[in-house]
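Below is one structure, written out as structure tokens; comments come after it.
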Amino acid sequence: MRLAKSLVPTLREDPADAEALSHKLMLRAGLVRQLAAGIYVYLPIGLRVMEKIDAIIREEMNAIGGQEISMPVLQPADIWQKSGRWEGIPEMFKLQDRYGRDMVLGMTHEEVIAWLAAREIRSYRDLPQIWYQIQTKERDEARPRSGVLRTREFVMKDSYTLDPDLAALERSYAAHEGAYRRIFERCGLRFYVAQSDTGMMGGLGAHEFLAPCAAGEDEIAICAGCGYAANVEIARGVPAPPGFPPASREEVATPNARTIAEVSALLKVDPRLMLKSLLYVGRRTGPVLVLVRGDHALHERKLARALGGDEVRQHLGAPAGSVGPVGAHVPVLADEHLRGGVYVTGANREGFHLRGVTPGRDFEPRFVDLHTVAAGEACVECGKPLAVEKVIEVGNIFKLGTKYSDALGAMFLDEGGKEQPIIMGSYGIGPARIAAAAVEQCADADGIVWPASIAPFHVHIVVVSLRDAAQVAAAEEVYAGCRAAGLDALLDDRDERPGVKFKDADLLGMPVRVTVGNALAKEGVVEIKERRAPRAEHRVARDRVIDTIRGLEVFRASR
RNA sequence: CGGGGUGUGGCGCAGCCCGGUAGCGCACCUGCUUUGGGAGCAGGGGGCCGCCGGUUCAAAUCCGGCCACCCCGACCA
């Protein structure tokens, strides 16, 4: 591709609307433009990145026996009514056709898969199957954010497995895990595989593939000792117990002290020796008092799970500040690590707290894991300290079970001639998130540094002066040579000053830059640099360029 | 949905408090000079000041309503 006439609108300054590093750089490098909140146009360079990622995904999906299909974005309501997801998903875009029939813009494709399977799969001899697509999804996200990381319209690679029994599902699941590891490795990402929440829809187990980066919106607890890794939604950790000084049970006045910080300062008590009491109201379960240690944060997902998937809301009633579990006449849930300690907590009397309170003795709570894991807590598997990192979810794998096959009648006849529901799994990857995560993980102060495998071009050729016919001829020769050798090449043939071209080359981040400039006339050489190692430079004669590029280490790893 | 912020040529911003008919840098066009890390000089084009309404002789500026976008939180099959 030649830059002079191409749509590669690079920006000198950071756009005002962008906060995340990947968002800024993807806008500045001219990869994408935003049409509306969470809705993006992909420009030529951005599209090429997506295509490179898609190609890797296709290779690995095909390698485990995946068959690519394409399902409609526009879907009839009735399959969603059958599966029970027509109601209650605020992210779903709904519309009507001209005859008033209810339609859906697909946010995922389990229903269509189950519909298809119900028609085409009859016997255990037809199983297993892996069907996948790389298709647009539409979700009315509550809050699109961070550029391309969370959008309302996005492309997803989604695959679905159909199996006759749980053992076969395990094999399909494991095949996906392997394929996913290879995909993310080949895309040059650092990532973790973590156990994840199966969500409110049940399911038999799930893992997430998470790429650490500053713009990540999830957090993961990881153990360097044993490799334990789990989303903080479910991650468990063992906090170091504080030393409990002897304390007899007594009421103390705490006028005007309401928060943990205020009471702890007033009574000169470590926050770790206090109980944080939070009143929650469950839609089905009604009010519950929830206790975590003073320095801990409640994880509401854990609470909701403990209440059987109920929807919970924090109740900010008037007496907050002196609330406590002793004598409370609502059910009490306490974090499991509070058992046996001696704490300070609200006395249920305005302006007073209680010292010397022991959960399990002075009141009888249900002990469950409720607190959000913090860095430094001990790993539940091996006892080593846990680290907590921000991550972006780039993929997930999910053992679905028979929810959709039951609902849509996707059955098969087993060896004994008995009708059984097909057992499904579903598996997603967000290619745009791979691209953004790669930008986040690899960029430097000058711009993007693409992993070679997903770089829009392998080689960026800069002609320093268009007035020098020898330079132009040499650059054209390198350009043609790269293409003949199967290297994607971008030729900067713009009539711009050298500084502009160098800055743009850094910003765009192709793995290799070939500069054709004064050195050609003086020494008969062109310069070859790796973007990630700007100080190392190869100066080679024109006829050595292709071989030199091919020998670079950047391309070894990814081929 | 709650909290905070921002809307002024293509981009980044000033002007708004204190009302008088819009300015700076970059980009763009023309000419000359320049050509290895975002050039210089000269000339030039381009703005419903987010939208609607109100106050006023007069509104980018004051008041009311609405919309859009960004950030934090809730939410995230």
Side-chain angles (χ1 to χ4, degrees), chain A residues 9-20 23-24 27-28 30 33-39 80 83-93 104-113 137-147 149-152 154 156 158 160 196-203 206 208 215 217-218 231 233 297 300-301 304 311-314 316 392-393 396 398 400 403-404 424 426-428 430 446-447 462-468 471 492 494-507 513 515-522 526-527 529 534 537:
Chain A
T10 56
L11 267 21
R12 185 189 295 241
E13 293 172 280
D14 283 337
D17 279 351
E19 190 95 351
H23 191 193
K24 288 178 184 170
L27 288 169
R28 284 192 54 206
R33 287 295 183 259
Q34 179 174 325
L35 174 63
I39 303 180
W80 291 83
S83 72
R85 295 160 113 187
W86 171 249
E87 304 288 348
I89 300 178
E91 284 78 21
M92 190 156 65
F93 279 110
V104 166
L105 294 181
M107 50 189 301
T108 178
H109 285 80
E110 280 84 6
E111 278 80 358
V112 180
I113 288 285
K137 304 283 188 256
E138 309 284 347
R139 295 184 188 180
D140 194 2
E141 289 288 348
R143 183 147 95 84
R145 71 185 108 175
S146 304
L149 282 180
R150 184 166 212 88
T151 54
R152 294 192 291 174
F154 60 98
M156 178 186 272
D158 47 324
Y160 304 86
S196 70
D197 191 0
T198 51
M200 299 302 174
M201 54 184 285
E208 290 172 334
E217 49 184 16
D218 283 332
N231 193 309
E233 290 170 7
E300 292 191 1
R301 288 279 266 261
E311 192 177 306
V312 293
R313 244 182 16 257
Q314 189 168 6
L316 299 167
I392 181 71
E393 181 184 351
N396 62 55
F398 200 101
L400 276 181
K403 173 176 170 145
Y404 300 98
M424 290 176 59
S426 85
Y427 314 83
D446 294 316
V462 172
V463 196
V464 170
S465 175
L466 282 192
R467 317 284 153 86
D468 182 338
Q471 284 184 24
D492 191 345
R494 296 175 300 171
D495 188 10
E496 285 286 354
R497 296 173 64 83
V500 173
K501 297 187 179 189
F502 292 140
K503 287 290 183 186
D504 274 350
D506 289 343
L507 215 209
R513 182 164 99 207
T515 305
V516 183
N518 291 339
L520 183 71
K522 287 186 191 148
V526 302
E527 296 131 83
K529 271 186 186 178
E537 186 180 81

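Chain A is the first sequence line, chain B the second, and so forth, proteins listed ahead of strands; every chain is numbered from 1. Note that the structure is predicted; figures quoted are calculated from it, not measured.
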Taking the side chain of [X] as heavy atoms from C-beta outward, which of [options] is closest to it?
X	options	value
A:Glu13	B:rC26, B:rC71, B:rG25	B:rG25
A:Tyr404	B:rA77, B:rC72, B:rA39	B:rA77
A:Asp17	B:rG73, B:rG12, B:rC69	B:rC69
A:Arg12	B:rU34, B:rA27, B:rG73	B:rA27
A:Ala37	B:rG37, B:rG38, B:rC70	B:rC70
A:Phe502	B:rA74, B:rU34, B:rG37	B:rG37
A:Glu300	B:rC75, B:rA77, B:rG73	B:rC75
A:Arg28	B:rG36, B:rG38, B:rC75	B:rG38
A:Arg152	B:rG37, B:rU34, B:rC69	B:rC69
A:Arg143	B:rC71, B:rG36, B:rC69	B:rC71

| task | Using a heavy-atom cut-off of under 4.0 Å over every strand shown, decide if A:Ala519 touches base, sugar-phosphate, or nothing. | result | base
| said: Any non-hydrogen side-chain atom of A:Gln34 less than 4.5 Å from a side-chain atom of A:Asp17? | reply: no
| task | Kindly indicate whether the side chain of A:Arg139 and the base of B:rA77 share any N or O donor-acceptor pair separated by less than 3.5 Å? | result | yes
For [N] and [M], measure between their [atom1] atoms and round to the nearest Å.
N	M	atom1	answer
B:rC49	B:rG15	C1'	11 Å
B:rG12	B:rG7	C1'	14 Å
B:rU61	B:rA22	P	14 Å

| Does a side-chain N or O from A:Gln34 land closer than 4.0 Å to OP1 or OP2 of B:rC70, or not? | yes
| B:rG64 pairs with, by Watson-Crick or G-U criteria that keep both distances under 3.5 Å | B:rC52
Can you check the [X] [atom1] to [N] [atom2] distance for me, whole Å?
X	N	atom1	atom2	result
A:Lys24	B:rC11	NZ	P	18 Å
A:Glu141	B:rG73	CD	P	15 Å
A:Leu27	B:rC11	CG	C1'	11 Å

| query | Taking A:Val464 as the fixed residue, which of A:Glu527, A:Lys501, A:Gln471, A:Arg497 is the one that meets the side-chain contact (heavy atoms from CB on, under 4.5 Å) rule? | reply | A:Gln471
| message | Using the side-chain contact (heavy atoms from CB on, under 4.5 Å) definition, which of the options A:Thr515, A:Val463, A:Asp468, A:Val526 pairs with A:Leu520? | response | A:Val526
